[in-house]
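Quick notes on the structure that follows.
Small disclaimer: the values here were computed from a predicted structure and weren't measured.
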Amino acid sequence: MRWVSRVDTRSERFVAQREEHLAAIEQLHAAWAIARGGGGAKANARHVSRGKLLPRERIELLLDRGSPFLELLALAGGQDGGHPGAAMIGGIGRVEGVEVMITASEATVQGGAINEAGVRKSSRLAEIALENRLPVVHCIESAGADLPNQADVFIPGGEGFRAITRRSREKIPTVSIVFGSCTAGGAYIPGMSDYVIMVDQNAMMYLAGPPLVKMALGEVVDDETLGGAALHSRVSGVSDYLARDEQDAVRIARGVVRRLGWRKQGPGPTGQAKPPRYAADELLGIVGMDRKRPFDVREVLARIVDDSDFDPFKPDYGSTLVTGFAEISGYRVGVLGNNGVLHAESANKATQFLQLCNQTDTPLLFLPNITGFMVGRDAEAAGIIKAGARMINAVSNSTVPAITLNIGGSYGAGNYAMMGRAYRPRFLFAWPTQRVAVMGGEQLAGVLDIVKRDAAAKRGQPVNEEELAMLKGFLSAKVDRESEALYASGRQWDDGVIDPRDTRTVLTLALSAIHTAPVQGELTWGTFRP
Amino acid sequence: MTRLIRRLLIANRGEIACRIARTARALGIETVGVASDADLDAAHVRAMDVVVRLGGESAASSYLRADAVVDAALRAGADAVHPGYGFLSESAVFARAVEDAGLRWVGPPPQAMAALGDKASARQVAASLGVPVVPGFDASDDAAALRDAAAAIGVPLMVKASAGGGGRGMRRVDDLALLDETLASARREAEAAFGDGRLLLERYVERPRHVEVQVMADAHGTVWTLGERDCSVQRRHQKIVEEAPSPAVTPAVRERLQQAASVLARHVGYRGAGTFEFLLSGDDVYFLELNARLQVEHPVTEAITGVDLVALQIAVAEGARLADLGAAPGLAGHAIEVRVCAEDPRRDDRPSVGTLAHVVWPDGEGIRVDTGFFSGDRVTPHYDALLGKIIASGPDRRTALRRLQAALDRTVVLGLPTNLPLLSAIVRDEAFVLGDIDTSFLTSSAVRETLGAPSTRLLALAAAWDLHRQRDVVGPGFGFRLFGPATVVDRWVGEDASAAVVSVTPAGDGYRVEAGSDDWFVAPRADGRWEVDGVIAPLTIHAPDSGCDGAFAVVWRGEAATWTRAHRFPDADEVGQAAAGCVAPMPGVVRALPVAVGQTVTAGTTVAVVEAMKMEHAVAAPHDGVVEAVTCAVGDAVTEGQPLVVVTAPA
């Protein structure tokens, strides 16, 4: 059913929202610019002066001509003044026609040392590679763990090594190109990999560097002799390929990927991939920055799905949740989007729809814009808890791949029911308009007000209005700040904030990555409370 | 007694074989071709009714083997042999062998060839008949005699192969100190090309024009003179532009030229088509030689006389009387021919070898093309570099010239460098347009400088096109980056070795292209044409397979350029090669290695001579040093870039 838009692009509201939205995109670009700048002009110049390519140049060289690169977690660790990106670049691109997960250490950021955000980012990237059966190419030049903060990274960091070998067991190869020195833990990333390429003269791998060796054993030995590319390629066998220089290393890596004989196991696109009938640019005016202003999620869908063609399922039942079938660049999807608070009927509809999608191996697209489940006497009497539990059961146990795109608010249990981060969608993207929290700052302040006043009343004391106002103001501001898109993305609650105008492209690339692995649903669930 | 030719063996290849076959077929004569192993898929092979393999690849092991060609004719049941030009066309020995085998020879009688085909004897005969000749010294392989004669004649003088034509073995000497080296080199080339190392010397005539008279004679005493051709645009003494009539020949001079040619032809009992070559200096004419064959540039004569010279050759060979065919043709209009050759005018005219990826020959009013090369055909290093000829004619020179200029703009040869840019420059050169040139035109005029650097606008097109073809391969998300489309950066090298770093960024339906301080918006149009900054025109491009590196040949709005995208990744095999220095400049055969291991050489010393496309190319020591190794032997076939001699720098 082709959607006929009711949006008035000349309305005052539309124009104003578009302006707000563009300003937010500006901020996003500013954050990306910092991420892209790596360690800054000076550090980059020093790096380049050593005849080395910058990490983003390495990626560009590795990628096929014209290949997309779906960068993931680009702003990870960027909240609270951290460097966005966490000293690492990761994303999905094509190498010799194969979609691969590429990571590259940013040697110019914090000396390439991995902090807690970096550990979480690399774990998430590893998870994406495993779930979607993407071969991995690591471009490594890392100082290893951020030692002053070892307490934050040591224990979770072990997962990185495990992830490589778990993938290997799942027959998903990892190729490591070693561009610089990899000491101790850092040596295990290539060490665990299926293929290791080392750049002559520049790449080093050792469990302990020359200073530590001297300290421990009294041996005096230089870098190259101890763990140079030549040693590892000719003597130890730690490295499989000795590359003449960085370009040569990338050439070899591309050759390795070409010879993997990689085959996508999903069905791939089946539709005609007609573009939407409405311009993506209009999304900016439809969805504004003010979360109190509602919008019709179907107007959003009409600017994302093929031919603006969307077949709603149960349109007249539980209509605060829109469910239905569509295609994106020919990939079939089952869509769930909010047009209001979740009632028991909406939740029941969702549960049924999730079963149908699993029955037909149809991947899911969630478009949350949700304050939560309906509350109140009527709702409770209608068994809203039961209905919500059934929906969360279905979301939790659904096995078809799901993508969540936070386009508005994602609050409270609504976040969970709409395939929030904890429910492990294959990919989770957000628009600059997203707000993620247990509830809005204002609501939280309101709850606090009631609780404080009740407590004061119980004690028979007067409320310190000044103190309460200050506390409310502080808390409200904190919550609002911590629910903003860039903060959330810094905390890695999503895989990246995107320009809404790129939505179709990003979803297509994510779906294409998803279809690298088999796309299969199962009809196995926890017990449903009827 | 007329005996009709029914099946004609054409003992040649390339454009002339195709051209002869065309007339033969039109006359109802069955055609028999010959082919070396290198030519089995060549156009001339496709043009023939029957083809006989000669084996071999080099000219010497194939088309120059008189016995094999006669044998081919007998095996194919041919009753006549047309030799074309070059190869065996002026070999009296071959002509006799053909006749001895009972076959008709479509050419002059062997004795006439013997009398005038040799430059030295031609001079003697001419002098005896009162036809003026250039002072000189006759054929000899006696170096001492040649040295003495050279001293007597004085410089500048010309060294020529006694047996040959086509500029092979021909050298100019300005300094007697260099005579010995020049003689040696000319002799080697003469031996390789004609199997006869005798040389002759001649006074060098200043500012001469090269004019020649086309003659057609029958066996019954009729001699037609068919006007003159002017072939003054030459490089390395090989003609590349010819026209008829000559813009420098007055009616009085023409009368003298025709008279001289006629006297000579009658004197030797000439029969068939022949060309009497003269130098024209002012109003003075000097007889040079007789080319006892059909010539490359015969079409301009055909254009202004309306005759088919090949048809006349065949008729004469059949015993026909020219008088029976009508009155001697008159001259009308003007015609100019250019020779399109596989050679790179920006790199010293070095021959280019490879596959012709895409060829478009022009057509239209007053345009004739004689060629033996089309898209997909191969140019090998074994034979000369002529791909084809474009002949423009019209009622006057101005019309012919303008038609030629336009025809050259429509000509596309992609896949390897050709002299098309040079030809385009020549036909637009002011002196040429005025007809005011001499044989030194190409070396003395600035026409080569106008070739200039290949157009960066075409580079922008190549780079954008290269990225664009990935658009469908990649599909949705083409070039996507979170923060805006990816810029693809590559280094490109032009045919003049200029380099440019080009970045291409998708922008809407097109591409923003930047190179240095220039930028363009380049976009494909739905109708297949391409837009550059608002101007839309058809684009012809030939490029290596997607994802491969290599040369991109681009033609857009009459401009042509070849740009090569530099390798993104080093090729492991390239290691160490650059250091060698003395490498083969092109594919060819090593003809001389005048140095030995241990020998001290100075920069510029010739350390090897490579012959390719019948031209010798000296390989010089890049610096002073000692010959450390000689990595090839005389006679070796070598590939471009193959190290020949290793010269180490002195300690």
Please determine if A:Arg36 forms a cation-pi arrangement with B:Phe483, meaning its NZ or CZ atom is less than 6.0 Å from the six-membered ring centre and no more than 45° off the ring axis.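 The answer is yes; both the distance and angle limits are met.
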If only atom types and distance count, is the side chain of A:His21 paired as donor or acceptor with the main-chain N or O of A:Leu284 below 3.5 Å? yes
Contact origin within [X] toward chain B - heavy atom pairs under 4.5 Å:
{"X": "A:Leu63", "answer": "both"}
{"X": "A:Thr508", "answer": "side chain"}
{"X": "A:Leu61", "answer": "both"}
{"X": "A:Arg501", "answer": "neither"}
{"X": "A:Asp245", "answer": "side chain"}

So if I apply the salt bridge (Lys or Arg N to Asp or Glu O under 4.0 Å) rule between A:Asp306 and each of A:Arg504, A:Arg277, A:Lys274, which one comes out positive? A:Arg504
Between chain A and each of B:Pro506, B:Gly484, B:Ala486, B:Pro476, count heavy-atom pairs under 4.5 Å; write down the option with the most.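 Top count of heavy-atom pairs under 4.5 Å with chain A: B:Pro476.
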Below 6.0 angstrom between ring centroids: does that apply to B:His542 and B:Phe552? no
Taking the basic N atoms (NZ, or NE/NH1/NH2) and the acidic carboxylate oxygens, is any pair closer than 4.0 Å for B:Asp466 and B:Arg469? yes
Of the backbone (N, CA, C, O) and the side chain (C-beta and beyond), which part of B:Leu467 lies under 4.5 Å from a heavy atom of chain A, both, or neither?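 Only the side chain of B:Leu467 comes within 4.5 Å of chain A.
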Contact part of B:Val488 toward chain A, heavy-atom cut-off under 4.5 Å: side chain, backbone, both or neither? side chain
Is the closest side-chain donor-acceptor distance between A:Trp262 and A:Thr516 under 3.5 Å?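 There is no such pair between these side chains.
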